[in-house]
Amino acid sequence: MSKDTISDILTSIRNADMSGKGIVRIVSTNITRKLLKILLQEGFIQNVRKHKEGNKKFLVLTLRHRRHRKTKKKQYRASLKLKQISRPGLRIYSNYQQIPRILGGIGIVILSTSQGIMTDREARLKRIGGEILCYVW
């Protein structure tokens, strides 16, 4: 694990999605809880639950799935795209008028604002800008 927790979260989810695993275990911090809450509300992941081993707390999340081509079963596999924008060496900020729209509004932009971590839609409604953390589509 590096010191960039957002990068660790996105990489863990992306790797699990590409390998076909449905469950991801992530260390629980305030940032991870807020980020996963947004992904759950927007429907990009299916479920998040808390897990504790000893004195360490984890969040276990279940990914959404779409139908496999080879099998006729009703199992689904999602193609989840995550792209980190701000990183420790280069922070990207935007006011509410210049927040980009991902795929014409199908995807979301997750921002860190003065009022907490929120989606691009919420930031535009509240008319506040902030640091662009990542794109999800």
**Asked** Taking C-beta and beyond as the side chain, do C134 and L82 meet within less than 4.5 Å on heavy atoms?
**Response** no
**Asked** Between the side chain of R64 and the main-chain N/O of G43, is any donor-acceptor distance below 3.5 Å?
**Response** yes
**Asked** Please walk me through it: do I38 and I108 pass side-chain contact (heavy atoms from CB on, under 4.5 Å)?
**Response** CA-CA 10 Å; I38 289 174; I108 62 169; 4.0 Å; yes
**Prompt:** Should T119 and L111 count as side-chain neighbours, where that means a heavy-atom distance under 4.5 Å?
**Reply:** no
**Item:** Donor-acceptor side-chain pairing of S7 and R87 below 3.5 angstrom
**Value:** no
**Message:** Tell me whether S19 contacts the main-chain N or O of A16 through its side chain, where contact means a donor paired with an acceptor under 3.5 Å.
**Reply:** yes
**Asked** With distance as the sole test, does N47 use its side chain to make a donor-acceptor pair with the main-chain N or O of T62 at under 3.5 Å?
**Response** no
**Asked** Say you draw a straight line from CD1 of I85 to CG of L90; how long is it, rounded to the nearest 0.5 Å?
**Response** 10.0 Å
**Request:** Compare every heavy atom of T32 with every heavy atom of V27, then report the nearest pair and how far apart it is.
**Result:** O-OG1, 3.3 Å
**With sequence neighbours excluded, residues passing side chain to side chain donor-acceptor pair (under 3.5 Å) with R101** = none
**Message:** If I take atom OH from residue Y135 and atom CD from residue Q84, how far apart are they, to the nearest 0.5 angstrom?
**Reply:** 12.0 Å
**Message:** Nearest 0.5 Å, please: how far is CG in N95 from CZ in R124?
**Reply:** 11.0 Å
**Prompt:** Under a 4.5 Å cut-off applied to non-hydrogen side-chain atoms, are F44 and L80 in contact?
**Reply:** yes
**Message:** Whether E53 and R25 form a salt bridge (side-chain N of Lys/Arg under 4.0 Å from carboxylate O of Asp/Glu) is what I want to check.
**Reply:** yes
**Asked** Does S86 reach the main-chain N or O of L133 with its side chain, forming a donor-acceptor pair under 3.5 Å?
**Response** no
**Request:** Taking the side chain as every heavy atom from C-beta outward, state whether I117 and T113 have any pair of such atoms under 4.5 Å apart.
**Result:** no
**Side-chain heavy atoms of I45 within contact of L36, under 4.5 Å** = yes
**Asked** Residues sharing I128's hydrophobic cluster, by side-chain heavy-atom contacts under 4.5 Å among ILVMFWY, directly or via others?
**Response** M118
**Prompt:** Is any side-chain heavy atom of Q115 less than 4.5 Å from a side-chain heavy atom of K126?
**Reply:** yes
**Prompt:** Sub-3.5 Å donor-acceptor pair from the side chain of R121 to the main-chain atoms of G105, do we have one?
**Reply:** yes
**Request:** Following the transitive rule for hydrophobic clusters with a side-chain heavy-atom cut-off under 4.5 Å over Ile, Leu, Val, Met, Phe, Trp and Tyr, establish whether I99 and V136 coincide in one cluster.
**Result:** no
**Request:** Mark yes or no for whether R49, through its side chain, and L59, through its backbone, hold a donor-acceptor pair below 3.5 Å.
**Result:** no
**Message:** Applying a strict under-4.5 Å side-chain criterion to I, L, V, M, F, W and Y, I'd like to know whether I102 and Y93 cluster together.
**Reply:** no
**Asked** To the nearest 0.5 Å, how far apart are NZ in K52 and OG in S28?
**Response** 11.0 Å
**Asked** Would L40 and I31 show up in the same hydrophobic cluster when neighbours are defined by side-chain heavy atoms closer than 4.5 Å?
**Response** yes
**Message:** Determine whether V48 and V60 satisfy the following criterion, side-chain contact (heavy atoms from CB on, under 4.5 Å), listing intermediate values before the conclusion.
**Reply:** CA-CA 6 Å; V48 177; V60 179; over 6 Å; no
**Prompt:** Should L125 and E122 be marked as a side-chain contact (heavy atoms from CB on, under 4.5 Å) after you check the CA-CA gap, both sets of side-chain angles, and the distance that decides it?
**Reply:** CA-CA 5 Å; L125 286 175; E122 294 173 34; 5.7 Å; no
**Prompt:** Would a 4.5 Å heavy-atom cut-off, applied to side chains only, mark D17 and R14 as touching?
**Reply:** no
**Asked** Quick one: NZ on K81 to CG on L103, what's the gap to the nearest 0.5 Å?
**Response** 11.0 Å
**Item:** Side chain proximity check, P100 to I132, heavy atoms < 4.5 angstrom
**Value:** yes
**Prompt:** How many angstroms lie between CG in L35 and CG in L10, if you round to the nearest 0.5 Å?
**Reply:** 6.5 Å
**Prompt:** Going through the checks in order, is the side-chain contact (heavy atoms from CB on, under 4.5 Å) test met by I26 and T5?
**Reply:** CA-CA 10 Å; I26 298 172; T5 57; over 6 Å; no
